[in-house]
Amino acid sequence: MKRFYTNAVVKFLAFCLTALFSVGAVMLAFGAVNFAEQGCVPGQRYEDSAAYRSIMSGYIISAANLYRMQGEDLENSGLSFVDQQERQASREELEQGLTGKASNFRFEIRTADGKARLYSNFQDEESFDSLNITPQYATVQDGTISVLFANGFSDYFRMGVDHLFRSDSYYDAYDSYYSVVYGGEYSGMDSASTYAFWDDGGAYEALDSSSAEAYVLCWGVRPDYPVEDALLRMNHWYFSMQSSMPGYICAAVLCALLAVTMLAFVCRGAGRRAQVDGVVLRVFDRIPYEAVLAVLCIAGVLGLPLLEEASFAEETSTRIFAVGAYLSYLCVLAEVCIVTTAVRLKARAFWRHTLLGRLAGLCSRFTRLCSDMVNHVDLTWKFVLAYVAYEFVSLVLFLPSNTPGVFFLLAIVNFFVLLWGCRWSVKFGTVRDGAAELARGNLEYRIDTRHLPAALKDHAGDLNRISEGMAAALEEQMKSERLKSELITNVSHDIKTPLTSIINYVDLIKAEPVDNPKVQEYIAVLDRQSARLKKLTCDLVDASKASSGAMPVHLEDVDVCELLQQAVGEYSERLGAGQLTPVFDLPEEPVLIRADGALLWRVIDNLLSNICKYALPGTRLYISMERSGEQMTVQMKNVSRAPLNIPADELMERFVRGDSSRNSEGSGLGLSIAQSLTELMGGAFRLEIDGDLFKAKLDFPVILRPHG
């Protein structure tokens, strides 16, 4: 899983998915809001929806316009012939669209008192009663249409298509709306007027019959919808959206959960990189946090003009989706802020990368500088005194006069001050370069103290004396190491001579017939201990040579996979005796490194010998190889028989064994020798202990292309 957290491509795709899911959640939620605004709420009737009222208002306006056009006298209207033809075509188009064969909408125009029918789109023998339609009413007076729906909702229009007032607006009635918008008192239509009743029991709003244009428009919709028109299409759309609304809400919740999940994944992996421990801050994460917030806020404000422009759209759905798009945009900006906040908090650098934190850091550094100046007053007083003197001379020369000669003299003084500062900087650079040479290990380097200022000369002298002391200590240490190696070699050589005689005489005694069982047991002990002493002597010599670098190394191309398989094959009997099962995880293709085959075999031999001695019987030995770029790592893992209650570094020291009782065979030099031999070949040897799990790792550079 860590591989996904540290992969830059995966994290980028995860952030893109986070933004996508958050935008989807917001837009789906606002889609549900749009359906609710249209009245597509589960359980609500189609006739009570805003979509239905919108279409019906359009039909009513068309019917009123058609009735007005039917009474026009085009021949005496004063219009040109072309305009008369266009007017006639418009009237015919309206009439065709409102016929009973082309629409489910039925209407009739009655006089203001409701007694006489002036116009209708009923077909033969049709009426509201025969079509099982409960009529609703709209009144037209002085060019204003007042539509009253069955649920008490009302709409007001000017003749044409101009919408004036809706009953759910800020005004309780149209007359109050008119008085605010147009000024004065509206007397053309009284929205609070009483209702008159027809002979058949129907009601309509009473009108002033003396008005030049005053009539009642009775309307209704066939309940069986036999005609494929806008009403039927809106009916299908309405019930489709009504059934889809729960799905939109569920999808919005699902997208929100996915967005939160992906954002948590991005926050967890933010700042993590492969093969790098800890949290790494990007350039963006080092920008002061207040500046990031300011940029994100400005980016959010830049979207407001588009939102304001969309707010003037005629359709409500356009305004709703514009708000949703803007909120989606803000969600993406907020996610960017959350991710950079998470990185700063994980790196524990939140305060440090804020403007206040940096200001506090500057104050802290200034305080330390003042403290250092006080503590090193023996050096700083000279600079302070020189600066004060320089300023004093400058003021003395500048204040009395501003003649060109004074400025020339001041320029000369400035030149010498600059020259003195440059000289001091150059001399300080000389001391700094000398310190860098000593840090690189060049102990024979000496800083030239001639022509240095007094303070720098003392400092350079101290560095030179440190170099001499380190060179003497290093020489003494090398001498001690040589003496130690020679001592081990000589003592080992002196031990080998009598040890060889002991082994030979033990072999001779073993060849003689001995009947006494006690004597046979003594001979076996002598044979076993003499062999152990011989191995210890050889290990001492090898350890001495490996640590001192005296062992010759012959580098060549070695196939590590083949060498590991051969070594495990050699140890198959010992592994079987210890009930250990080797498990390989090696690449199929050869992996070549530059190493000494014999020394590398010795390293692997020591590791396998250790595993056979100390591994828990009945377990597995895992041998794997990982390649990362130009580096190869061989890893051996096994479970220890005895508790590993010592650190890995201590286990690689000489004469230290995992068996603290020291009852097992071995000298405790195997791992130390393996480490020294690996380093002689240019590799690295590491041990890791996790409970009773023992891991040995060998790191070598890989040969990318075989020679030849």
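Any value given below was found using the heavy atoms of this structure, including those in side chains, with hydrogens, waters and symmetry copies removed.
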Lys697 side chain vs Thr633 backbone, donor-acceptor pair below 3.5 Å: no

Side chain Ser244, main chain Ser240, donor-acceptor under 3.5 Å: yes

Glu290 side chain to Leu355 backbone, donor-acceptor under 3.5 Å: yes

CG-CD1 distance between Leu293 and Ile287, expressed to the nearest 0.5 angstrom: 11.5 Å

From CA spacing to verdict: side-chain contact (heavy atoms from CB on, under 4.5 Å), Val560, Phe700: CA-CA 10 Å; Val560 184; Phe700 282 96; over 6 Å; no

Backbone N/O of Cys267 and side chain of Lys346: donor-acceptor pair under 3.5 Å: yes

Approximate separation, where rounding is to 0.5 Å, of Leu232 CG and Ile55 CD1: 10.0 Å

Heavy-atom neighbours of Arg620 CZ exceed 12 at 6.0 Å: no

side-chain contact (heavy atoms from CB on, under 4.5 Å) assessment of Met56 paired with Leu231: CA-CA 8 Å; Met56 293 312 304; Leu231 282 167; 3.5 Å; yes

Least distance between heavy atoms, Ala251 atom then Leu28 atom: CB-CD1, 3.6 Å

N/O donor-acceptor pair under 3.5 Å between Asp229 side chain and Asn104 backbone: yes

Heavy-atom neighbours of Phe584 CZ exceed 12 at 6.0 Å: yes

Where Thr18 and Ala259 come nearest, the two heavy atoms and their spacing: CG2-O, 3.6 Å

Minimum heavy-atom distance Arg344-Phe284, with the two atoms named: NH2-O, 3.3 Å

Main-chain N/O of Gln631 paired with Ser628 side-chain donor or acceptor, under 3.5 Å: no

Separation between CG of Leu564 and CD1 of Ile604, rounded to the nearest 0.5 Å: 4.5 Å

Reported CZ-to-NZ distance for the pair Phe265 and Lys11, which is rounded to 0.5 angstrom: 9.0 Å

Separation between CG of Asn638 and CD1 of Ile611, rounded to the nearest 0.5 Å: 4.5 Å

Chi angles and distances behind the side-chain hydrogen bond (donor to acceptor under 3.5 Å, both in side chains) call for Tyr289, Thr340: CA-CA 9 Å; Tyr289 193 70; Thr340 186; over 6 Å; no

Val33 vs Val323 side-chain heavy atoms within contact, under 4.5 Å: no

Distance-minimising heavy-atom pair for Ile593 and Val702: CG2-CA, 4.4 Å

Non-hydrogen atoms of Tyr326 and Gly300 that approach each other most closely: OH-O, 2.8 Å

For the student: nearest non-hydrogen atoms of Ala674 and Val603, plus distance: O-CG2, 3.8 Å

Audit row: Leu327, Phe30, side-chain contact (heavy atoms from CB on, under 4.5 Å) steps and yes/no: CA-CA 10 Å; Leu327 289 182; Phe30 274 83; 3.3 Å; yes

Non-hydrogen side-chain atoms of Ser328 and Met27 separated by less than 4.5 Å: yes

pair Asp585-Met625: side-chain heavy atoms closer than 4.5 Å: no

Side chain to side chain, Ser22 and Glu335, heavy atoms closer than 4.5 Å: yes

Heavy-atom side-chain contact between Ser624 and Gln635 under 4.5 Å: yes

Residue pair Asp690, Lys695: steps toward the salt bridge (charged side-chain N to carboxylate O under 4.0 Å, His left out) verdict: CA-CA 8 Å; Asp690 187 1; Lys695 301 179 186 178; 5.1 Å; no

4.5 Å side-chain heavy-atom contact, Leu698 and Met636: no

Ring pair (Phe, Tyr, Trp, His ring centres under 6.0 Å) partners for Tyr329, two or more places apart: none

Verdict with reasoning, Thr261 to Phe21, per side-chain contact (heavy atoms from CB on, under 4.5 Å): CA-CA 10 Å; Thr261 303; Phe21 285 136; over 6 Å; no

Heavy-atom side-chain contact between Leu563 and Asp559 under 4.5 Å: no

pair Leu616-Asp692: side-chain heavy atoms closer than 4.5 Å: no

Interatomic distance, Glu589 atom CD to Cys561 atom SG [nearest 0.5 angstrom]: 7.5 Å

Check: Arg286 side chain, His353 main-chain N or O, donor-acceptor pair, under 3.5 Å: no

